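Report on the following structure.
Everything numeric in this text was worked out from a predicted model, so none of it was measured.
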Amino acid sequence: MKSSQKNKSPHSNTYLKYIGLSFQLFTIIGLGTWLGWYVQQKSLMRFPVWLLLFCFLSILVAFYQLFISMKNDEKSEDDKKKL
């Protein structure tokens with residue numbers, strides 16, 4: 001039973017990490033969009049410039065965070081292969 005737990009732990013840790021990352025991306029984009037909507041409501045402008053701006057900025061931040069996470073994962077995998 002212990003050997004099956006050892007075999008599952010690297011894969012389950014990877015799944016958990018990427019599931020957590022997906023929730024982080026969803027949260028960043030959702031909060032950015034909500035902030036843009038809030039600023040848009042306060043500005044009373046007809047064209048949703050603030051909503052679009054904050055939405056796209058939050059998407060850029062989320063993808064930047066994804067890029068950094070993937071880069072760190074690749075670096076850690078390369079370090080493991082060298083050992």
Do the side chains of Phe47 and Leu57 join up, straight or via other hydrophobic residues, at under 4.5 Å, putting them in one cluster?
yes
Qualifying salt bridge (Lys or Arg N to Asp or Glu O under 4.0 Å) pairs with a residue from residues 54-76, counting only residues at least two apart or across chains:
Lys17-Asp73
Which residues share a side-chain contact (heavy atoms from CB on, under 4.5 Å) with Met70, sequence neighbours left out
Tyr18, Leu66
Going by side-chain contact (heavy atoms from CB on, under 4.5 Å), name the residues that satisfy it together with Ile68, two or more places apart in sequence or in a different chain.
Tyr64, Asn72
Under a single-linkage definition using a 4.5 Å side-chain heavy-atom cutoff for Ile, Leu, Val, Met, Phe, Trp and Tyr, are Val61 and Leu21 assigned to the same hydrophobic cluster?
no
Please report, to 0.1 Å, the donor-acceptor pairs under 3.5 Å made by any side chain of residues 22-35, with sequence neighbours excluded.
| unit_1 | atom_1 | unit_2 | atom_2 | d |
| --- | --- | --- | --- | --- |
| Ser22 | OG | Ile19 | O | 2.6 |
| Gln24 | OE1 | Gln65 | NE2 | 2.8 |
| Thr27 | OG1 | Phe23 | O | 2.7 |
| Thr33 | OG1 | Ile29 | O | 2.8 |

State, to 0.1 Å, how close Gln41 and Leu44 come at their nearest heavy-atom pair, and which atoms those are.
O-CD2, 3.5 Å
Scan for side-chain hydrogen bond (donor to acceptor under 3.5 Å, both in side chains) pairs involving residues 43-59, sequence neighbours excluded, and state none if there are none.
none
Sequence neighbours excluded, which residues qualify as ring-ring contact (aromatic ring centres under 6.0 Å, His included) partners of Phe63?
none
